Amino acid sequence: MSGDSEAADRTPARMAAGLAELLGCQAREFITFPDREGQHELVLARDALFTSLCAHHLLPFSGVAHVGVLPATGNAG
């Protein structure tokens, strides 16, 4: 690849490293538990931070997600 400068030649590698840093995440340990008591109430997970990448624009975005699960049905929303 030719460019006007050495910095321009390194642009693809810098972009790849930047995206890897932006979108990388720490390892997480997930916890599951059996529903022995037939729980039917909504279980909520709030304030889950996320970062992602818009596939169309290739721009990062981040936010907070809230997820609810009905244990008896396994339906999440």
Side-chain angles (χ1 to χ4, degrees):
M1 186 171 166
S2 66
D4 292 347
S5 70
E6 186 179 329
D9 290 342
R10 292 192 321 265
T11 296
R14 290 194 325 268
M15 183 68 181
L19 287 174
E21 181 179 340
L22 175 70
L23 299 175
C25 65
Q26 297 176 355
R28 304 216 188 266
E29 187 173 324
F30 294 95
I31 299 172
T32 61
F33 54 92
D35 185 17
R36 293 188 182 114
E37 298 176 12
Q39 179 70 289
H40 296 287
E41 294 181 29
L42 182 65
V43 177
L44 296 175
R46 295 182 179 159
D47 300 325
L49 301 175
F50 72 91
T51 299
S52 191
L53 187 70
C54 172
H56 178 77
H57 297 99
L58 294 178
L59 294 173
F61 62 95
S62 58
V64 177
H66 310 291
V67 180
V69 177
L70 292 170
T73 66
N75 292 331

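Since we're looking at a predicted model, the values are computed, not measured. Numbers here are sequence positions counted from 1.
A donor-acceptor contact shorter than 3.5 Å links the side chain of H66 to the backbone of D47.
Under the side chain to side chain contact (heavy atoms under 4.5 Å, CB included) criterion, L42 pairs with L44, L70, not counting sequence neighbours.
Each side-chain hydrogen bond (donor to acceptor under 3.5 Å, both in side chains) pair with one or both residues in residues 13-24, not counting sequence neighbours, appears once here: T11-R14.
The CG atom of L53 sits 12.0 Å away from atom OG of S62, with the distance rounded to the nearest 0.5 Å.
Other members of a hydrophobic cluster containing L59 are absent, since no ILVMFWY side chain comes under 4.5 Å of it, directly or through relayed contacts.
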